[in-house]
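What you are looking at is a predicted structure, and each value in this text was computed from that prediction instead of being measured.
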Amino acid sequence: MTSPLKTLDIVALGEAMVEFNQTSNLPPDEAPLYLQGFGGDTSNAAIAGARAGARVAYLSRLGTDRWGDRLMDLWQRENVNTGSVLRDGQAPTGMYFVSHDAQGHHFSYARAGSAASRMQAQDLTQHWAEAVASSHWLHLSGISLAISASACDTAFATMQYARSTGTRVALDSNLRLSLWPLARAQACIRHAVSLCDLFLPSLEDMTALTGLTQAQDIIGWSHAQGAAQVVLKLGAEGALASDGQSLRQVPGHTVKAIDATGAGDCFAGNLLARLAAGDDLWGATAYANAAASLSVQGFGAVAPLPYLDAVMNVLKPTAKVTPA
């Protein structure tokens with residue numbers, strides 16, 4: 001198939017959700033306070049990419065409820081194309097709660113039977129094919145696969161179609177074992193890695209999925225499944241990036257982290273935006289590290305996502321990255 005004109009940089013597929021993020025650590029006998037925002041890993045990545053200057057579209061289903069309306073408004077404010085977002089009057093928009101303690105952040109979901117979980121393979125053929133074929137990158141995650149069997153089938157079909165049109169595929173591991181059994185997660189993510197051009201795992205996810213604990217072993221496993229490029233996220237230590245020929249450690253940034261919700265999504269969206277802009281893997285990873293270091297300094301998944309100018313200020317003078 002001849003590759004069509006690429007008028008988009010990133011299309012992301014998955015579930016967007018309403019977020020309620022705890023903003024106070026009160027005694028157990030007092031009710032915590034929550035800040036209402038928005039989340040969903042691929043939606044966060046899409047917004048992060050748009051704030052970095054990329055041309056972005058989102059693929060999903062939303063309920064016809066007020067929360068779905070607010071998500072549509074959010075994407076339109078953030079310059080994320082919503083022309084391929086479907087509205088489902090038979091199911092609600094999902095939501096989740098984030099709490100914080102000394103062990104980190106914890107998620108509680110109210111997403112069973114959500115509109116996004118009702119994605120079907122025919123959504124691709126009937127509504128999404130043009131957007132996918134017109135993009136440099138398709139971005140998905142382990143959560144895109146986990147929310148239902150039909151969503152998983154839809155994701156696989158979309159990945160295969162993307163590659164047939166010259167659209168490269170990026171996959172973030174984002175393992176959530178509350179959504180599916182480990183054995184199914186292992187099988188589905190292994191297959192998804194075989195369909196992707198760029199794999200974005202985390203050390204924690206890959207230890208749970210494969211039993212591997214060493215970063216270089218995880219990189220090797222990922223290449224062996226078929227991923228041409230791999231960027232292993234290492235949190236404050238930065239990332240380990242490989243193109244199959246060269247393996248490089250890209251350092252992170254020391255900051256006072258307030259809330260790590262969405263940091264990996266911020267990393268993914270910024271990485272793809274820079275790759276679409278023409279950066280090599282190492283420069284794009286350095287930019288994504290800087291962006292993620294800014295995102296953890298505020299509450300919520302979306303509000304702290306940085307814009308290009310802020311990231312450039314962090315990078316100067318240690319890295320040279322041209323604006324998108």
Side-chain angles (χ1 to χ4, degrees), residues 1-18 38-94 114-141 143-144 147-148 150-151 153-170 265 268-270 272-273 275-277 301-302 305 324:
M1 179 183 292
T2 302
S3 297
L5 181 65
K6 302 298 185 182
T7 56
L8 291 168
D9 296 312
I10 306 165
V11 292
L13 183 151
E15 180 173 34
M17 307 178 75
V18 179
F38 301 98
D41 58 347
T42 55
S43 174
N44 301 338
I47 294 170
R51 289 189 180 185
R55 301 164 299 174
V56 182
Y58 199 63
L59 313 177
S60 190
R61 288 191 182 202
L62 292 176
T64 54
D65 47 34
R66 178 58 180 153
W67 294 123
D69 294 342
R70 295 198 66 189
L71 276 162
M72 292 290 282
D73 291 342
L74 169 72
W75 290 323
Q76 289 163 8
R77 291 195 305 271
E78 296 289 348
N79 297 313
V80 174
N81 188 297
T82 60
S84 296
V85 176
L86 308 178
R87 304 299 297 268
D88 186 338
Q90 304 302 311
T93 302
S114 69
S117 73
R118 288 159 51 91
M119 286 189 286
Q120 305 288 330
Q122 57 261 38
D123 292 341
L124 167 64
T125 54
Q126 295 176 3
H127 303 286
W128 298 342
E130 182 178 356
V132 173
S134 299
S135 183
H136 288 288
W137 285 96
L138 167 69
H139 178 61
L140 311 91
S141 81
I143 296 175
S144 305
I147 54 176
S148 70
S150 67
D153 291 344
T154 304
F156 288 153
T158 306
M159 295 171 83
Q160 290 168 332
Y161 176 74
R163 299 189 83 180
S164 75
T165 64
T167 296
R168 290 172 289 175
V169 178
D265 311 329
N270 280 279
L272 294 178
L275 289 173
V302 172
L305 294 173

Side chains of [Y] and [X]: any donor to acceptor distance under 3.5 Å?
{"X": "Trp128", "Y": "Thr154", "answer": "no"}
{"X": "Tyr161", "Y": "Thr167", "answer": "no"}
{"X": "Ser114", "Y": "Glu15", "answer": "yes"}

Apply side-chain contact (heavy atoms from CB on, under 4.5 Å) to residues Gln120 and Ser150 and explain how you reach the verdict. CA-CA 6 Å; Gln120 305 288 330; Ser150 67; 3.7 Å; yes
To the nearest 0.5 Å, what is the distance between OG (Ser84) and CD (Gln126)?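 So the OG of Ser84 and the CD of Gln126 are separated by 12.5 Å.
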How would you list, by chain and number, every residue that makes a side chain to side chain donor-acceptor pair (under 3.5 Å) with [X], sequence neighbours excluded?
{"X": "Thr125", "result": "none"}
{"X": "Asp123", "result": "Arg61"}
{"X": "Ser134", "result": "none"}
{"X": "Ser144", "result": "none"}

Residue list, side chain to side chain contact (heavy atoms under 4.5 Å, CB included) with Ala48, at least two apart or on another chain: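 Checked Ala48 against side chain to side chain contact (heavy atoms under 4.5 Å, CB included); matches are Asn270, Leu305.
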Who pairs with Asp69 by side chain to side chain contact (heavy atoms under 4.5 Å, CB included), at least two apart in sequence or on another chain?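 So Asp69 forms a side chain to side chain contact (heavy atoms under 4.5 Å, CB included) with Arg66, Arg87.
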Report, as yes or no, whether the 6.0 Å neighbourhood of atom CD on Glu130 holds more than 12 heavy atoms from other residues, nucleotides or ligands.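 Open.
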